[in-house]
Amino acid sequence: MGELKFHVAVIGAGLGGLAAAIGIARAGYKVTILEQAPVLGEIGAGIQIPPNSSLILKHFGLLEKIESVSVRPSDFIIRSYRDGAILSKLNMVPYAEKRYGVPYLHIHRADYHKILVSEAERLGVKMQLGSFVTGIDFDNTIIHMKDRPDFHADLILGADGLKSICRESLLGRPDPPHLTGDLAYRIVIKAEDMRKHPDLRSLAEKPAINYWIGPLGHVVCYLLQGGGLYNIVLICPDNLPEMVNTAKADLQEMRDFFAGWDPKLKTLLGMVQETTKWRLLNSEEMDSWSHPSGKLVLLGDACHATLPYLAQGAAQAVEDGAVLGALFEHIERRSQIGDVLTLFERLRKDRTTRVVKGSTALRDIFHMVDGPRQQERDRQLTDHEPFEGYSNRWADPVFQPWLFGYNAFEEVEKAWKLYKEGTFPGTAGQLKSNI
């Protein structure tokens with residue numbers, strides 16, 4: 001309960017850190033977010049909000065605001081890279097809401113971020129900007145910062161992303177991000193400009209998630225901001241120089257890679273005036289996300305960064321935040337904090353690991369080179385048959401409900417009941433304050 005006068009410091013004002021701050025503030029605790037940027041805001045373009053995230057936003061009372069600046073895709077479509085022929089089509093409207101009670105949405109990352117920031121501030125969360133963390137004193141729960149006084153808190157949440165200082169402090173060594181071999185071009189164009197081209201009109205007028213899958217790469221496109229913008233993500237092999245993670249793109253190089261793909265894509269990429277290419281990085285799985293002192297725990301990309309191929313990176317970070325907030329609602333005394341961190345990790349680690357591995361595995365299926373194996377994949381996609389699992393993981397009758405049907409709040413309720421009974425699985429001898 002918040003009357004414990006417990007102060008939580010969240011390092012990082014990304015989507016996961018904001019979700020955690022909202023959840024913990026809703027439970028009545030004092031929360032301060034330390035963000036290194038001098039001004040709040042999000043770079044990037046489109047982001048997908050799957051039902052497992054929409055449910056959390058509904059619980060937070062934010063879904064209506066989110067929907068006001070979102071687009072509901074009608075279908076999830078996987079296409080052949082050669083000519084755009086549909087290989088697989090999965091209905092999203094009305095399916096997602098009927099099946100999971102909440103919609104699948106597309107939103108501009110900046111709009112999403114702004115709504116979460118506003119809610120965090122409404123709940124009394126303090127934002128301390130320009131706070132560049134340099135290290136953590138775990139014994140005294142002190143955060144060291146560049147050109148700022150030390151910050152004292154009772155608990156530290158490390159939500160500082162892939163290049164996490166918190167992760168390196170926990171590990172006691174440098175832990176730079178790892179190369180994945182892929183990069184992404186991220187592009188946003190005006191949908192009204194697309195409508196001037198007859199072959200692009202259908203893409204600009206009907207909200208849908210369109211994937212083109214082909215040799216060594218794939219393309220993801222969908223509408224944003226009420227259908228006014230078209231979000232394009234191009235995935236291909238990483239050719240950025242060493243130590244360079246973003247660079248202004250050579251448009252001809254970009255077009256050359258996709259030259260043999262669907263003519264619609266050629267027209268679409270011909271409209272691009274400029275873009276940037278981003279190296280896709282991730283991290284290795286950690287043995288533990290929390291410090292033995294019980295004073296710090298990591299969440300989001302700081303501990304389970306993933307390739308974006310399942311469109312679940314932000315969703316998993318938001319789930320982390322929701323689970324932490326729900327656990328804090330149950331705390332009865334200060335001595336339970338360490339147990340709460342153990343429960344959090346037990347609830348989250350296996351799921352996020354499966355998402356990370358599933359995203360990497362999907363790349364291998366999407367990026368098949370021409371040949372018999374690719375032909376068999378395409379045939380089975382079209383016939384709705386499994387191929388090395390399901391090529392369209394979102395249509396997998398087992399994986400989809402596991403992914404989309406996750407209810408962070410119900411999971412916490414079940415876990416806390418077992419914790420109070422002393423029977424939470426996999427924690428024998430670790431939980432100390434459950435009675």
Side-chain angles (χ1 to χ4, degrees), residues 41-49 66-86 92-93 104-114 182-214 217-237 239-240 246-280 308-309 311 313-314 366:
E42 268 283 354
I43 60 172
I47 190 169
Q48 302 189 46
I49 300 181
I66 291 286
E67 282 209 76
S68 72
V69 289
S70 298
V71 172
R72 290 192 183 198
S74 58
D75 298 290
F76 195 110
I77 301 169
I78 297 179
R79 299 176 180 272
S80 167
Y81 82 96
R82 294 181 183 86
D83 56 7
I86 294 176
M92 283 292 166
V93 176
Y104 196 115
L105 301 170
H106 292 149
I107 191 171
H108 197 289
R109 184 180 286 268
D111 293 333
Y112 195 0
H113 190 261
K114 183 178 180 181
D182 287 353
L183 66 76
Y185 296 91
R186 294 187 172 102
I187 303 160
V188 176
I189 62 176
K190 292 180 179 179
E192 64 180 297
D193 293 337
M194 293 173 60
R195 296 186 186 102
K196 298 172 186 176
H197 298 268
D199 54 340
L200 300 180
R201 196 168 293 138
S202 63
L203 296 177
E205 291 180 347
K206 185 177 182 181
I209 314 170
N210 279 285
Y211 275 70
W212 286 258
I213 57 176
H218 71 274
V219 178
V220 189
C221 297
Y222 49 84
L223 287 163
L224 294 173
Q225 293 187 335
L229 297 176
Y230 201 63
N231 189 73
I232 306 164
V233 181
L234 313 172
I235 305 295
C236 60
N239 65 356
L240 283 165
T246 62
K248 186 174 181 179
D250 179 327
L251 295 181
Q252 193 56 52
E253 176 188 71
M254 175 190 76
R255 291 166 183 147
D256 286 347
F257 182 85
F258 295 97
W261 290 45
D262 183 359
K264 284 189 177 68
L265 286 176
K266 183 177 180 180
T267 304
L268 192 60
L269 298 186
M271 298 172 61
V272 178
Q273 300 298 311
E274 62 177 6
T275 187
T276 300
K277 54 184 181 180
W278 305 66
R279 172 170 279 149
L280 297 180
Y309 303 157
F366 276 7

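These values consider heavy atoms only, across backbone and side chains, with no hydrogens, waters or symmetry-generated copies.
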Let me check something: any side-chain donor-acceptor pairs from residues 249-258 under 3.5 Å, sequence neighbours excluded? List them with distances.
residue: Asp250; atom: OD1; partner: Gln252; partner atom: N; Å: 2.9
residue: Asp250; atom: OD1; partner: Glu253; partner atom: N; Å: 3.1
residue: Gln252; atom: NE2; partner: Asp256; partner atom: OD1; Å: 2.8
residue: Glu253; atom: OE1; partner: Tyr185; partner atom: OH; Å: 3.4
residue: Glu253; atom: OE1; partner: Lys277; partner atom: NZ; Å: 2.8
residue: Glu253; atom: OE2; partner: Asn239; partner atom: ND2; Å: 3.1
residue: Arg255; atom: NE; partner: Leu269; partner atom: O; Å: 3.0
residue: Arg255; atom: NH2; partner: Leu269; partner atom: O; Å: 3.1
residue: Arg255; atom: NH2; partner: Val272; partner atom: O; Å: 2.8

Indicate the atoms forming the closest heavy-atom contact of [X] with [Y], along with that distance.
{"X": "Ala45", "Y": "Val188", "answer": "CB-CG2, 3.3 Å"}
{"X": "Gly84", "Y": "Trp212", "answer": "CA-NE1, 3.7 Å"}
{"X": "Val71", "Y": "Pro73", "answer": "O-CD, 3.4 Å"}
{"X": "Ile47", "Y": "Ala314", "answer": "CD1-CB, 3.3 Å"}
{"X": "Gly227", "Y": "Ala191", "answer": "O-CB, 3.2 Å"}
{"X": "Ala208", "Y": "Ile77", "answer": "CB-CD1, 4.2 Å"}

Tyr230: what forms a side chain to side chain donor-acceptor pair (under 3.5 Å) with it, not counting sequence neighbours? none
Under a 3.5 Å distance rule, please check whether Arg186 uses its side chain to pair with a backbone N or O of Val233 as donor and acceptor. no
Look at the side chain of Ser74 and the backbone N and O of Val93, then say whether any donor-acceptor pair between them is shorter than 3.5 Å. no
Let me confirm one number: the [atom1]-[atom2] distance from [X] to [Y], rounded to the nearest 0.5 Å.
{"X": "Arg79", "Y": "Cys221", "atom1": "CZ", "atom2": "SG", "result": "9.5 Å"}
{"X": "Ser80", "Y": "Trp261", "atom1": "OG", "atom2": "CH2", "result": "9.0 Å"}
{"X": "Met92", "Y": "Arg72", "atom1": "CE", "atom2": "CZ", "result": "12.5 Å"}
{"X": "Leu203", "Y": "Asn210", "atom1": "CG", "atom2": "CG", "result": "5.5 Å"}
{"X": "Gln48", "Y": "Ser70", "atom1": "CD", "atom2": "OG", "result": "11.5 Å"}
{"X": "Arg201", "Y": "Asp199", "atom1": "CZ", "atom2": "CG", "result": "9.0 Å"}

Criterion side chain to side chain contact (heavy atoms under 4.5 Å, CB included) against His106, the qualifying member of Ile209, Leu223, Leu229: Ile209
Can you tell which of Ile213, Val219, Leu280, Val220 makes a side chain to side chain contact (heavy atoms under 4.5 Å, CB included) with Ile235? Leu280
In the structure I gave you, are the side-chain heavy atoms of Ile189 and Leu268 within less than 4.5 Å of one another anywhere? yes
Describe, in one word, how the ring planes of His218 and Phe366 are oriented to each other, choosing from parallel (under 30°), tilted (30 to 60°) and perpendicular (over 60°). perpendicular
By salt bridge (charged side-chain N to carboxylate O under 4.0 Å, His left out), Lys196 pairs with (sequence neighbours left out) Asp193
